[in-house]
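What follows is a set of notes on a single structure, which appears directly below.
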Amino acid sequence: MSNQAVDKRRELLASMCDERARMLQDQFNVSMNHLQALAILVSTFHHSKTPSAIDQTTFARYAERTAFERPLTSGVAYAVRVTHAEREQFERQQGWSIKKMYSSKKQAGDAEVREPAEEYAPVIFAQNAYKHVISFDMLSGNEDRENVLRARESGKGVLTAPFKLLNNRLGVILTYTVYKTELPPNARPQERIQTAIGYLGGIFDIEALVDKLLHQLAGKQSIMVNVYDTTNERPISMYGSNDTGSGMYYKSTLNFGDPSRKHEMHCRFIQKPPWPWLAITSSFGTLVIALLIGHIVHATVTRIAKVEDDYQKMTELKKRAEDADVAKSQFLATVSHEIRTPMNGVLGMLQMLMDTDLDTTQQDYVRTAQASGKALVSLINEVLDQAKIESGKLELETVPFDLRTVCDDILSLFCGKAQQKGLELAVYVSDQVPETLIGDPGRIRQIITNLVGNSIKFTERGHIYLTVHVIEEVMPSLDVETGTQCANTLSGYPVVNRKCSWENFRHFNRELNSCEMPFAPGASDTVSLIISVEDTGVGIPFEAQSRVFTPFMQVGPSIARIHGGTGIGLSISKCLVGLMKGEIGFASKPQVGSTFTFTAVLTRARSSGNENKPSEFKEVSALVFDHRPVRAKVTKYHLQRLGVETELTTDLDQYIFSKVNCGLRVAKLVLIDKETWLKESHSMPMLVSKLRNKDQPNSPKLFLLENPKSSVRNSSHISREFHLNVIMKPLRASMLQVSLQRALGGIDKVNCRNGVVGNLTLGSLLHKKKILVIDDNIVNLKVAAGALKKYGAEVTCADSGKKAITLLKPPHSFDACFMDIQMPEMDGFEATRRIRVMERDLNEQIERGEVPLECANVQRWRTPILAMTADVIQATYEECLKYEMDGYVSKPFEGEQLYREVARFFLNQDQVQ
């Protein structure tokens with residue numbers, strides 16, 4: 001061959017060898033990173049938790065399920081550092097003695113006990129394939145000892161010399177040290193030695209690693225690869241045949257992360273250099289062509305077989321990934337419960353603060369903080385919701401609730417953000433919607449909160465408008481507030497046609513094709529609602545609208561960076577709407593806005609629609625002066641909720657003139673929108689003077705409805721000059737009630753508080769009742785005791801199940817017990833079981849006539865026991881009945897649920913001891 005051909009062949013060999021060496025290092029580094037992550041996991045969940053969250057079974061299962069992330073390791077094991085002073089206690093805890101790594105006895109089961117030493121490194125966790133090494137001291141072997149000592153001094157991964165694995169292949173062990181605390185990069189070796197607490201080892205199958213690498217390369221048959229450990233003068237072959245052959249070869253240096261060990265890859269061509277074309281005669285031409293065709297056929301068949309094999313491997317990896325995802329969901333469920341427990345203390349304390357003497361602003365702050373806390377708990381639950389949705393285990397509650405109150409709470413939650421952005425935020429619920437519905441208020445709140453939150457996030461000017469109607473209202477014309485003209489919107493900005501967001505719903509198409517039926521509210525117990533959230537935001541690009549409801553998908557790549565979010569909220573909302581037998585859709589136009597609409601089928605509760613309206617406003621009339629009809633309609637809605645007779649006008653001068661000429665009284669309350677005031681600022685002083693005519697007694701109270709986008713300084717100037725009462729938007733019934741009460745001079749601080757519905761009824765039930773509260777958490781005890789004392793109960797607290805058994809040993813003076821479920825030493829279920837055993841023994845004595853003096857007037861002794869839990873998934877009603885509990889209440893206490901539970905046994909005292 002010519003020198004040029006030889007040089008070209010040498011460059012080709014060098015390129016192929018360097019490529020294989022680089023890929024081998026990269027794959028080795030990936031496995032090293034996963035081993036380092038596993039070391040951090042052991043440090044976090046074994047050494048940093050008391051008791052440890054990891055045992056051998058957990059470690060082995062986790063190692064097996066995540067083995068696909070470490071395809072180059074055949075096994076992992078973890079050894080803990082034990083001093084000689086700790087050895088006796090350690091062996092007693094583990095139930096075995098520390099053994100030598102290399103025993104003189106032949107059978108592994110007869111391994112020798114490790115002789116006394118200054119310190120030991122016994123294996124406590126191992127993958128199932130290497131389970132036999134548990135209890136072996138890694139410091140009992142010379143090479144293993146050197147490896148461990150080097151690892152903890154350097155703080156890096158350390159490799160051993162090649163040795164034979166169980167599969168008779170050559171491999172190495174990579175050792176990482178686990179430290180008590182995170183050390184700086186420049187820590188001294190002595191500091192690392194003192195801080196070391198354990199060692200994680202991973203076994204690498206070098207031969208399998210190189211085999212897999214060569215299979216990934218199409219030209220694997222063109223060169224021969226050998227891998228050597230060249231740390232010592234005599235290289236050790238780690239892969240390849242011992243037949244080095246002769247001819248051209250190339251050497252590439254390998255770096256496996258341990259500077260104390262050296263490795264090299266030697267490559268040589270398998271085939272000899274081809275003959276020059278001049279040396280090939282025409283007689284071999286046909287043979288060459290035939291061989292080429294045969295090679296192509298063979299390569300094709302081999303490639304097909306390889307693709308099929310890769311498909312099988314990918315299927316197995318997919319299954320492992322799904323198993324790992326299930327393990328992740330279980331982990332998140334545990335973590336979310338731990339987060340939920342302190343949140344209950346926060347919410348409970350806020351409820352107790354709400355019951356103190358607060359002014360209007362403080363009430364609003366506390367109410368908003370409480371709503372935010374509840375929203376945070378709901379967001380934590382979204383993590384569990386996705387897992388439940390995937391497994392088909394998501395279920396809905398069926399409880400009575402007030403949808404108008406839910407909508408007000410949602411507005412309170414987003415009030416601050418809307419005011420910061422200068423957005424008009426409003427809600428309108430049709431009077432055809434029943435006062436009380438039966439369904440799942442938490443899931444309804446979750447859907448609306450997600451939609452309103454998205455609107456707040458993507459809207460910079462204009463408004464967000466939440467509306468609720470019954471479907472029968474929109475069926476005849478499909479035209480409820482669907483105008484897109486600026487004059488017909490809440491803020492004056494154009495909006496998309498709301499009708500487009502629901503026109504494809506199957507329910508509407510089915511109804512339109514059937515015979516028309518007149519709307520008759522109350523004819524059925526089933527209520528079909530249609531709920532819309534309208535905004536004037538940036539809108540959704542047309543090309544992205546098809547993937548809006550896809551989980552973890554954002555509209556664009558920059559959305560997550562600019563606005564945040566995970567892209568899971570709309571997906572969960574769509575599933576929840578489906579469970580409510582409804583549909584969800586949207587209409588959106590870029591730079592105009594979006595409208596999301598969903599339907600839900602709920603049940604009508606049998607209650608009076610006017611029973612919750614405050615009676616103090618029944619004789620009060622009001623006038624709303626607003627040039628925007630939609631906004632005026634919202635104000636009228638909130639006033640009518642309070643029982644105020646309301647009129648609307650767009651011409652205040654004409655209204656005053658008509659009233660005076662007809663000899664009629666002007667409304668007692670006049671509410672003027674700030675934007676309308678500024679628009680009519682030239683005539684407002686005269687109109688205000690007419691309203692406050694000295695010839696008319698009892699001049700009306702004037703209110704200025706403040707928009708969040710208006711200047712606060714300007715509003716203060718107007719209110720001082722004209723003696724106006726300012727009401728900040730968004731309007732909510734509770735805040736509007738307090739503002740009107742203050743203006744009219746009849747505010748009642750007791751009624752002003754955001755008390756729980758049914759406080760008086762609860763007070764009559766719990767007054768002077770002796771209640772025992774059991775909870776191991778001091779904050780939860782304080783919250784529960786405060787909630788019960790608020791209703792007049794005499795509360796005694798205890799912090800363990802054992803104390804509960806002592807206090808509730810009959811006979812005793814307690815009327816009921818609230819028992820936490822999850823407690824150390826003895827949980828609430830076990831404590832209840834033992835209490836019921838003591839009560840049965842006493843009842844048997846009563847039946848035999850052996851009645852103690854304290855029980856002379858008792859026919860049957862049974863103390864009502866209610867479970868308290870922050871996790872209603874675990875504390876199901878059926879499980880409470882299994883342990884003879886009388887029910888359960890969620891933490892913190894909700895008034896309606898508390899009344900429903902205690903009324904079952906306190907209303908009929910014959911059922912209690």
Side-chain angles (χ1 to χ4, degrees), residues 375 379 407 410-428 446-468 480-503 530-550 553-574 577 584-598 628 630-631 634 675 707-710 729-731:
L379 291 175
C407 293
I410 294 173
L411 259 62
S412 297
L413 178 62
F414 293 104
C415 174
K417 292 183 180 178
Q419 290 181 353
Q420 288 176 5
K421 292 183 135 186
L423 301 176
E424 185 96 12
L425 184 60
V427 60
Y428 173 79
Q446 183 177 352
I447 298 171
I448 299 177
T449 299
N450 180 66
L451 297 180
V452 175
N454 285 344
S455 294
I456 293 282
K457 188 188 303 181
F458 296 105
T459 304
E460 299 300 330
R461 85 286 185 274
H463 69 266
I464 290 99
Y465 188 25
L466 168 63
T467 60
V468 184
V480 175
E481 300 290 344
T482 59
T484 60
Q485 298 299 321
C486 297
N488 295 331
T489 65
L490 186 70
S491 61
Y493 286 92
V495 296
V496 296
N497 193 335
R498 188 180 306 177
K499 180 178 67 176
C500 298
S501 65
W502 69 61
E503 61 184 359
I530 180 166
I531 304 173
S532 296
V533 177
E534 171 189 281
D535 67 58
T536 56
V538 296
I540 304 172
F542 294 113
E543 65 274 11
Q545 293 185 7
S546 60
R547 61 176 185 269
V548 164
F549 294 107
T550 303
M553 292 294 292
Q554 297 280 17
V555 170
S558 62
I559 292 299
R561 294 196 304 271
I562 299 175
H563 299 286
T566 61
I568 193 177
L570 286 176
S571 172
I572 294 177
S573 297
K574 184 176 182 180
V577 169
I584 187 170
F586 69 96
S588 183
K589 185 176 180 181
Q591 305 311 317
V592 174
S594 304
T595 297
F596 279 79
T597 299
F598 71 94
R628 298 199 184 279
V630 176
R631 190 166 56 198
V634 170
E675 185 181 359
N707 298 322
K709 64 183 179 182
S710 302
K729 296 182 183 180
L731 295 180

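Remember, predicted model here, so these are calculated numbers, not experimental data.
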When rounded to the nearest 0.5 angstrom, what is the spacing between CD1 in Ile530 and OG in Ser501?
6.5 Å
First locate atom CD of Glu534, then atom OG1 of Thr467, and finally report the distance between them rounded to the nearest 0.5 Å.
7.5 Å
Rounded to the nearest 0.5 Å, the CD atom of Gln446 sits from the CG atom of Leu451 at a distance of 10.5 Å
Students often mix this up, so state it plainly: with edges at 30° and 60°, are the rings of Phe549 and Phe596 parallel, tilted or perpendicular?
perpendicular
Taking atom types as modelled and ignoring hydrogens, do the side chains of Arg461 and Ser491 form a donor-acceptor contact shorter than 3.5 angstrom?
no
Derivation of the side-chain contact (heavy atoms from CB on, under 4.5 Å) call for Ile572 and Asn450
CA-CA 10 Å; Ile572 294 177; Asn450 180 66; over 6 Å; no
A side-chain contact here means heavy atoms from C-beta on lying under 4.5 Å apart; do Thr489 and Val630 qualify?
no
N/O donor-acceptor pair under 3.5 Å between Lys729 side chain and Ala426 backbone:
no
Thr597 OG1 to Phe586 CZ distance, which is reported to the nearest 0.5 Å:
11.0 Å
Spatial distance of atom CG (Leu490) from atom CG (Leu466) [nearest 0.5 Å]
11.5 Å
Determine, stepwise, if the pair Val634 / Val427 fulfils side-chain contact (heavy atoms from CB on, under 4.5 Å).
CA-CA 7 Å; Val634 170; Val427 60; 5.9 Å; no
Does the side-chain contact (heavy atoms from CB on, under 4.5 Å) test come out yes or no for Glu424 and Arg631, once each step is laid out?
CA-CA 10 Å; Glu424 185 96 12; Arg631 190 166 56 198; 3.4 Å; yes
Contacts of Ser588 meeting side-chain hydrogen bond (donor to acceptor under 3.5 Å, both in side chains) (sequence neighbours excluded), chain-then-number -> Ser594
With side-chain contact (heavy atoms from CB on, under 4.5 Å) as the test, would you mind laying out the steps for Ile456 and Asp535 before giving the verdict?
CA-CA 8 Å; Ile456 293 282; Asp535 67 58; over 6 Å; no
Please enumerate all residues that pass side-chain contact (heavy atoms from CB on, under 4.5 Å) together with Val577, with sequence neighbours excluded.
Ile447, Ile584, Phe598
Side-chain contact test, heavy atoms from C-beta onward, threshold under 4.5 Å: evaluate it for Thr595 versus Val533 and give yes or no.
no
Check ring pair (Phe, Tyr, Trp, His ring centres under 6.0 Å) between Phe414 and all other residues, then give those that pass, not counting sequence neighbours.
none
Is the shortest side-chain heavy-atom distance between Ile540 and Pro590 below 4.5 Å?
no
CD1 (Ile410) and OG1 (Thr449) are apart, to the nearest 0.5 Å, by 4.0 Å
